[in-house]
**Student:** 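This is the structure I have questions about; it appears just below.
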Amino acid sequence: MAAAPGLARLVAALDDGDGLLAQAVAVLRAAVPEPDPAYLPAGTADRLLLAVHERATGRPLELTVACPACGALTTLPLGRAAVGEHHERSAWRRPGVGVREPSYADLLAAGGDPHRLLALCRVGEGATLDDLARVEGSLCGPLRSSCCDCGAPLEADVDVVALVLRALSGLRFDIDREVHLLASRYGWPLAVIESLPDERRRRLAALVAGTTP
């Protein structure tokens, strides 16, 4: 992967998509424009999204879960290294008849209709929704662990796309404030400010605001 873009550029990309998947595509395109990440298998794109978040923020994605038995909070790491590699999937009923793993572009085009998604991903005629389920490779589903205090089993529903985008959205206010301060003080175009390394943007914004970086 090429050098990670600044957080400001990734956060700005959230405005280019309507809905989670479209936002995920916009963020990935801002980070890795070639090959177009919209057409990668969903399982590959999910892992790329994790990697982009981790490289840009300098830390892995995390999920905090409350134990149903004792109430203690356990933080589960969702770093790129923790989820393993992905291999593109396909399911074949017979030679020339099967289904391939969907991409984000397929999921967007299907608009939540599984029959439409099947039509987009099938090869030949005769593949079924069960075949489509067999090639599901996204990082979406139950995550199982145990409580850090009492050891009780924990289970949480995880959607990596939603978690990464929520984490980036949580940075929006501070980054928008920094961009606004620099644009107001220096008159630089947004694209120039968003291309600054994160530490330099923060440092310059702190100087404009009269605070210590």
Side-chain angles (χ1 to χ4, degrees), residues 1 4-8 10-11 13-14 17 19-28 30-32 37 40-89 91 101-104 107-108 112 114 117 129-178 198-199 202 212-213:
M1 188 189 300
L7 277 170
L10 295 184
V11 168
L14 294 173
L20 290 179
L21 272 179
Q23 287 181 320
V25 169
V27 167
L28 286 176
V32 192
L40 295 174
T44 300
D46 281 0
R47 286 164 173 79
L48 183 57
L49 195 62
L50 269 183
V52 166
H53 168 273
E54 190 165 336
R55 286 167 63 92
T57 63
R59 59 184 183 275
L61 187 68
E62 296 178 334
L63 176 65
T64 299
V65 181
C67 176
C70 71
L73 298 179
T74 297
T75 298
L76 307 175
L78 291 171
R80 173 62 187 85
V83 299
E85 296 301 321
H86 177 70
H87 302 283
E88 187 172 357
R89 303 181 181 186
E101 183 179 351
S103 65
Y104 283 2
L107 294 167
L108 285 168
L117 184 60
L129 291 177
D130 286 341
D131 296 323
L132 188 61
R134 287 166 54 201
V135 299
E136 163 62 35
S138 70
L139 296 176
C140 181
L143 176 65
R144 297 178 178 87
S145 186
S146 57
C147 176
C148 62
D149 275 14
C150 71
L154 296 177
E155 182 173 316
D157 285 328
V158 171
D159 182 339
V160 159
V161 170
L163 289 174
V164 168
L165 296 181
R166 185 186 308 160
L168 291 177
S169 293
L171 302 171
R172 254 178 171 168
F173 178 82
D174 287 340
I175 291 177
D176 283 351
R177 178 178 176 274
E178 292 167 356
D198 292 319
E199 286 304 317
R202 295 186 189 110
T212 303

**Student:** So which atom in H53 and which in L168 form the shortest heavy-atom distance, rounded to 0.1 Å?
**Tutor:**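 The pair with the smallest heavy-atom distance is CD2-CD2, 4.5 Å.
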**Student:** Looking only at heavy atoms, which two atoms of V160 and D46 are closest? And how far apart?
**Tutor:** CG1-O, 3.9 Å
**Student:** Counting N and O atoms only, with roles assigned by atom type, does the side chain of R47 sit under 3.5 Å from a partner on the main chain of G43, one being a donor and the other an acceptor?
**Tutor:** yes
**Student:** Give the minimum heavy-atom separation between L163 and V158, together with the two atoms involved.
**Tutor:** CD1-CG1, 3.8 Å
**Student:** With sequence neighbours left out, write down each residue that passes side-chain contact (heavy atoms from CB on, under 4.5 Å) with A22, or none if nothing qualifies.
**Tutor:**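 By the side-chain contact (heavy atoms from CB on, under 4.5 Å) rule, A22 matches L108.
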**Student:** For the residue pair R89 and V135, what are the closest heavy atoms and their distance?
**Tutor:**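 Smallest interatomic distance, heavy atoms only, reads CD-O, 3.6 Å.
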**Student:** Got a donor-acceptor contact below 3.5 angstrom from the D198 side chain to the L7 backbone?
**Tutor:**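 Checking the backbone N and O of L7 against the side chain of D198, a donor-acceptor pair under 3.5 Å is found.
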**Student:** Search all heavy atoms of L14 against all heavy atoms of R172 and return the closest pair with its distance.
**Tutor:** CB-NH2, 3.2 Å
**Student:** Quick one: does R80's side chain have a donor or acceptor within less than 3.5 Å of a partner on E54's backbone?
**Tutor:** no
**Student:** Tell me every residue that passes side-chain contact (heavy atoms from CB on, under 4.5 Å) with D174, counting only those two or more places apart in sequence or in another chain.
**Tutor:** none
**Student:** Whether the H87 and E101 side chains hold a donor-acceptor pair (N or O, under 3.5 Å, no angle test) is what I'd like checked.
**Tutor:** no
**Student:** Taking T74 for the side chain and C148 for the main chain, is one N or O donor matched with an acceptor at less than 3.5 Å?
**Tutor:** yes
**Student:** Check L20 against A162 and note the closest heavy-atom contact, atom names and distance.
**Tutor:**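 Closest heavy-atom pair between L20 and A162: CD1-CB, 4.0 Å.
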